[in-house]
2 protein chains.
Amino acid sequence: MQRKLPQSNLYLREEELRRGVELLYFAYRDFTSDPDEILAQSRFGRAHHRVLYFVGRNPGTTVSGLLSLLRITKQSLSRVLGQLVEEGYIQQDAGLEDRRQRLLHLTDKGKAFEKELFASQRDRVAEAYKRAGPEAVAGFWEVLLNIVDGDERDTVLRQIEK
Amino acid sequence: MQRKLPQSNLYLREEELRRGVELLYFAYRDFTSDPDEILAQSRFGRAHHRVLYFVGRNPGTTVSGLLSLLRITKQSLSRVLGQLVEEGYIQQDAGLEDRRQRLLHLTDKGKAFEKELFASQRDRVAEAYKRAGPEAVAGFWEVLLNIVDGDERDTVLRQIEK
DNA sequence: GAATATATGTCAGTGTTATTGACATAATAT
DNA sequence: ATATTATGTCAATAACACTGACATATATTC
């Protein structure tokens, strides 16, 4: 746990906080540029990537499951998901117990594309982990998890522990 | 430095990499939602926030300085910057040595607004730092810096050490 | 069985942020 | 004088998100 800082260290504290804000901005900017380059060659964008990614990680999830995980509207998802289904990246099956539901799965084509997109980020993150070392990586996870909304941490933990 | 993992740990490694990808996604999503809420009450968006932020951090920077830091096009910046100047958040002065340049500064109004926007993220990040502790924070910085493009790390370091 | 709720889909309109390409102006450098 | 640089601007386009309204099929409840 962090020791209480004396008041006189408020200036230093602000610098540390701005450092976090800025590193998050720059890291996220570069981290998303890898898949963006691949996506630019197709008619897909970042939103399609997110859907492919989370359907891949949660096979059999439903439309509303995706909606609450991604926190976008049904109309936004509908366009993106519709294109992915139409072009054969995602397969929809009627729910077994509740036939109103659409259970979502990646097709082989979808799996291959997701793998390619993930690989571009995997290499960057793996290299960063290697350079920073395992203890830094643990701190990286810890701080990021605490930046997530308090009432969403359980959802995120369930997701990353799959 | 990370020890070499045996081949049999490749599965674990992929889980660790996906954890980083997912935490970055969720943390960034919530981290940007704070200023977004404030911005939604004005006619400004996330792009305006970034310009306010980096002009505030680099008083006297030029248009091309901002362009290379933010990596957007002149046309995209032009619209956003123009609105901020017109509404009195940013002041432009002709360069002292090169009068073609526009040296950019926040006005008092701009400083106040930037402060309000930053406060919303500061509280979130400060709380996360406190919960995770100083060692985790150091790891958080280290990994994020290594996620940034190699050829941009110097630029980012110069920025965060201001 | 009828009424209500849920899961999903769809239509029309809007706004923000970004892009590219072309061209213009003013100031500096050669 | 000419070329280059820093900035600004116009027009067109695209991705991604939003709201509001309405439709359909299936489940649940009274």
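Protein chains get the first letters and strands the later ones, always in sequence-line order, with residue 1 at the start of each.
- The phosphate of dT17(C) has neither OP1 nor OP2 within less than 4.0 Å of any side-chain N or O from Ser76(B).
- Remark: Gln101(A) is not in phosphate contact with dT6(C), judged by side-chain N or O atoms under 4.0 Å from OP1 or OP2.
- Among pairs with a residue in residues 20-31 of chain A, those fulfilling side chain to side chain donor-acceptor pair (under 3.5 Å) read Glu22(A)-Tyr53(B), Glu22(A)-Arg57(B), Arg29(A)-Glu152(B), Asp30(A)-Arg71(B), at least two apart in sequence or across chains.
- The side chain of Ser78(A) places no N or O atom within less than 4.0 Å of a non-bridging phosphate oxygen (OP1 or OP2) of dG9(C).
- Between His48(B) and dT17(C), a side-chain N or O to OP1/OP2 separation shorter than 4.0 Å is present.
- One interatomic measurement links the two molecules: CZ of Arg79(A) to P of dA12(C), which rounds to 16 Å at whole-angstrom precision.
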For residues 38-46 of chain B, please give each side-chain donor-acceptor pair under 3.5 Å, one per line with the distance, not counting sequence neighbours.
{"unit_1": "Ser42(B)", "atom_1": "OG", "unit_2": "Leu39(B)", "atom_2": "O", "d": "2.9"}
{"unit_1": "Ser42(B)", "atom_1": "OG", "unit_2": "Phe44(B)", "atom_2": "N", "d": "3.1"}
{"unit_1": "Arg43(B)", "atom_1": "NH2", "unit_2": "Glu87(B)", "atom_2": "OE1", "d": "3.0"}
{"unit_1": "Arg43(B)", "atom_1": "NH2", "unit_2": "Glu87(B)", "atom_2": "OE2", "d": "3.1"}
{"unit_1": "Arg46(B)", "atom_1": "NE", "unit_2": "Asp36(B)", "atom_2": "OD1", "d": "3.4"}
{"unit_1": "Arg46(B)", "atom_1": "NE", "unit_2": "Asp36(B)", "atom_2": "OD2", "d": "3.3"}
{"unit_1": "Arg46(B)", "atom_1": "NH2", "unit_2": "Asp36(B)", "atom_2": "OD2", "d": "2.5"}

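- Every pair passing side chain to side chain donor-acceptor pair (under 3.5 Å) that includes a residue from residues 95-111 of chain B is listed here, sequence neighbours excluded: Asp98(B)-Arg100(B).
- Side-chain N/O atoms of Arg102(B) include none lying less than 4.0 angstrom from OP1 or OP2 on dA6(D).
- Heavy-atom distances under 4.0 Å link DNA chain D to no residue of residues 31-44 of chain A.
- Every side chain to side chain contact (heavy atoms under 4.5 Å, CB included) that Glu142(B) has, sequence neighbours left out, goes to Ala132(A), Ala136(A), Asn146(B).
- With sequence neighbours left out, the side chain to side chain donor-acceptor pair (under 3.5 Å) criterion links Gln121(A) to no other residue.
- Of the residues in residues 58-73 of chain A, Thr62(A), Val63(A), Ser64(A) come within less than 4.0 Å of DNA chain C through at least one heavy atom, sorted by number.
- The CD1 atom of Ile90(A) sits 12 Å away from the P atom of dG9(C) (whole-angstrom rounding).
- dT7(D) atom P lies 10 Å from atom CG of Leu81(B), rounded to whole Å.
- Every residue two or more places apart in sequence or in another chain that forms a side chain to side chain contact (heavy atoms under 4.5 Å, CB included) with Gln75(B) is listed here: Thr73(B).
- Pairs passing the salt bridge (Lys or Arg N to Asp or Glu O under 4.0 Å) check and including a residue from residues 112-122 of chain A, sequence neighbours excluded, read Glu114(A)-Arg18(B).
- Contacts of residues 82-89 of chain B with DNA chain D (heavy atom under 4.0 Å): none.
- For Ala126(B), the side chain to side chain contact (heavy atoms under 4.5 Å, CB included) test picks out Arg13(A), Leu17(A), with sequence neighbours left out.
- Between Arg29(B) and the phosphate of dA17(D), there is no side-chain N or O to OP1/OP2 separation shorter than 4.0 Å.
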### Query
Where along nucleotides 22-30 of chain C does protein come under 4.0 Å, by heavy atom, of base (B) or sugar-phosphate alone (S), with - for untouched nucleotides?
B---BBS--

